Amino acid sequence: MAAVLLVAGCRKQEGTSRVRVNVNDFTITEGMFPTRGEEPVVDYAGVKAIDLAFYEGTTEVYKHTQMRDDGSTYTTFGSFECDLPIGNYTMVVIGRGYSVGDVFELNSPTSAGYTSERARETFCATQSVTVTSSTPLDLTITLSRIIAKLHIVSTDERTASVTKIRTTYGAGGKSFNPTTGLATVNSGFAVTNTPSSAVTTLDVGNYAFLATDEQTMDITIEALDAGENVLFTKVVPNVPLRRNRVTTLTGQVFTAGTSSATFQVDSDWLEGNEVPF
């Protein structure tokens with residue numbers, strides 16, 4: 001069942017055509033992500049925002065963002081309306097997670113990304129659109145998940161002095177090309193999580209855009225105290241990540257003396273990557 005979003009309309013002008021865009025079901029392949037198969041955008045809680053933009057070359061002609069939790073930005077979440085002049089365009093649609101403080105930028109059909117600390121679960125699609133007359137044009141587009149997820153689970157208990165976990169990706173990035181779905185930066189980045197004080201073991205997940213569909217990189221896990229001093233460091237080498245898949249690292253995070261030379265990698269993509277360390 002197709003999902004419908006907001007109506008962000010402009011007044012009809014001579015020489016323009018009314019364009020209606022409906023964000024269809026997401027294409028989600030098997031893995032350890034929380035959904036299976038195709039799911040309507042209105043039902044998938046992981047998508048908190050949808051961005052729609054039309055570009056004539058690299059020139060932005062129209063852009064609008066719908067926020068799931070802000071009903072003033074849409075009439076029906078997943079459906080848009082606008083008026084476009086006759087011409088040829090590239091349509092970009094992005095569905096993404098959102099949390100307070102996130103900053104996301106969509107600059108062109110080849111440039112988008114998160115300029116705040118972390119990337120979120122992201123779906124994307126682009127499509128060529130030709131407006132030839134004033135006759136209304138109805139468009140439907142299906143989004144695919146273009147990001148990889150890293151899941152870290154500890155087999156030992158967190159000490160009371162550990163208040164934060166910093167995860168550093170040795171490659172990949174937080175920005176991507178909407179046309180290819182691949183990272184535009186491959187220098188890596190760091191994300192800091194604050195686990196709940198009520199949970200003594202570690203269970204955190206973060207996202208990264210990859211420079212290729214499958215990419216291998218080193219992952220550094222640091223346990224920090226309240227002053228962000230490093231208490232424990234574990235480096236897991238050659239971790240395989242893949243778009244639209246979850247790689248899980250499982251092992252001792254808060255135990256000193258574990259050698260990275262003993263880390264093992266199981267690169268089975270079918271149900272997510274299980275990587276003991």
Side-chain angles (χ1 to χ4, degrees), residues 27-29 31-34 46-47 49 51 92 94-99 101-126 143-153 164-193 202-222 233-251 253 260 263-269 272-277:
T27 299
I28 304 174
T29 59
M32 293 180 66
F33 280 94
V47 173
D51 307 284
V92 179
I94 296 171
R96 53 189 170 87
Y98 174 80
S99 187
D102 285 356
V103 180
F104 178 81
E105 296 180 355
L106 171 57
N107 301 310
S108 77
T110 60
S111 177
Y114 298 84
T115 57
S116 45
E117 181 186 17
R118 68 191 67 233
R120 300 291 181 182
E121 184 175 8
T122 304
F123 299 78
C124 184
T126 61
L143 309 183
S144 298
R145 186 187 282 113
I146 59 170
I147 202 164
K149 184 176 183 180
L150 178 67
H151 184 207
I152 301 173
V153 179
K164 298 179 181 180
I165 299 296
R166 183 164 60 210
T167 304
T168 301
Y169 293 81
K174 298 183 293 182
S175 60
F176 65 98
N177 180 332
T179 300
T180 65
L182 299 175
T184 54
V185 175
N186 195 33
S187 55
F189 63 99
V191 179
T192 301
N193 293 89
L202 177 66
D203 189 332
V204 298
N206 295 296
Y207 299 91
F209 296 103
L210 306 181
T212 55
D213 189 56
E214 300 179 26
Q215 190 169 8
T216 299
M217 65 185 72
D218 294 348
I219 300 295
T220 301
I221 307 167
E222 296 172 299
T233 300
K234 300 298 166 72
V235 178
V236 188
N238 302 320
V239 175
L241 296 175
R242 184 178 179 183
R243 292 194 300 172
N244 196 27
R245 290 291 188 275
V246 182
T247 293
T248 300
L249 304 182
T250 304
V253 175
S260 62
F263 296 173
Q264 296 179 349
V265 174
D266 178 4
S267 56
D268 178 7
W269 296 118
N273 291 332
E274 297 288 342
V275 183
F277 67 92

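No experiment lies behind these values; they were computed from the predicted model shown. Numbers here simply count residues along the sequence, with the first being 1.
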- prompt: Looking only at heavy atoms, what is the nearest atom pair of I147 and A208, with distance?
  reply: CG1-O, 3.1 Å
query: Does D102 offer a backbone N or O that forms a donor-acceptor pair with the side chain of R120 under 3.5 Å?
result: no
field: Gap between atom CD1 of I94 and atom CZ of F123 - 0.5 Å precision
entry: 12.5 Å
- prompt: Is the backbone N or O of T192 less than 3.5 Å from a side-chain atom of R118, with the two atoms forming a donor-acceptor pair by type?
  reply: yes
- request: Work out which heavy atom in L106 is nearest to a heavy atom in A112; give both atom names and the distance.
  value: CD1-CB, 3.8 Å
query: When rounded to the nearest 0.5 angstrom, what is the spacing between CD1 in I221 and NZ in K234?
result: 8.5 Å
Residue pair F209, F189: steps toward the side chain to side chain contact (heavy atoms under 4.5 Å, CB included) verdict: CA-CA 11 Å; F209 296 103; F189 63 99; over 6 Å; no
statement: Output for pair (T247 OG1, I219 CD1), nearest 0.5 Å, gives 8.5 Å
message: Can you list everything that forms a side chain to side chain donor-acceptor pair (under 3.5 Å) with N186? Sequence neighbours excluded, please.
response: Q215
- request: Would you give the length of the straight line joining atom OG of S187 to atom OH of Y169, rounded to the nearest 0.5 angstrom?
  value: 14.0 Å
- prompt: Say you draw a straight line from CE of M217 to CG of N238; how long is it, rounded to the nearest 0.5 Å?
  reply: 11.0 Å
query: At their closest point, which heavy atom of A211 faces which heavy atom of A183, and how far apart are they?
result: N-CB, 3.9 Å
- request: Return the minimal non-hydrogen interatomic distance between S116 and G101, and the atom names on each side.
  value: CB-O, 3.7 Å
query: Any sub-3.5 Å donor-acceptor pair from K174's side-chain atoms to G113's backbone N or O?
result: no
- prompt: Among all residues two or more places apart in sequence or in another chain, which pass the ring-ring contact (aromatic ring centres under 6.0 Å, His included) test with Y98?
  reply: none
message: For a quick check under 3.5 Å, do T248 and T250 share a side-chain donor-acceptor pair by atom type?
response: no
T179 (side chain) donor-acceptor with P109 (main chain) under 3.5 angstrom: yes
- line: Closest heavy-atom pair, T233 versus E222, reported as atoms and distance to 0.1 Å, is OG1-CG, 3.9 Å
query: For the residue pair I146 and C124, what are the closest heavy atoms and their distance?
result: CD1-CB, 3.7 Å
statement: Output for pair (T126 OG1, N177 CG), nearest 0.5 Å, gives 8.5 Å
task: State, with a plain yes or no, whether a side-chain heavy atom of Y207 is found less than 4.5 Å away from one of T122.
output: no
query: Do the side chains of R166 and T220 get nearer than 4.5 Å, heavy atoms only?
result: no
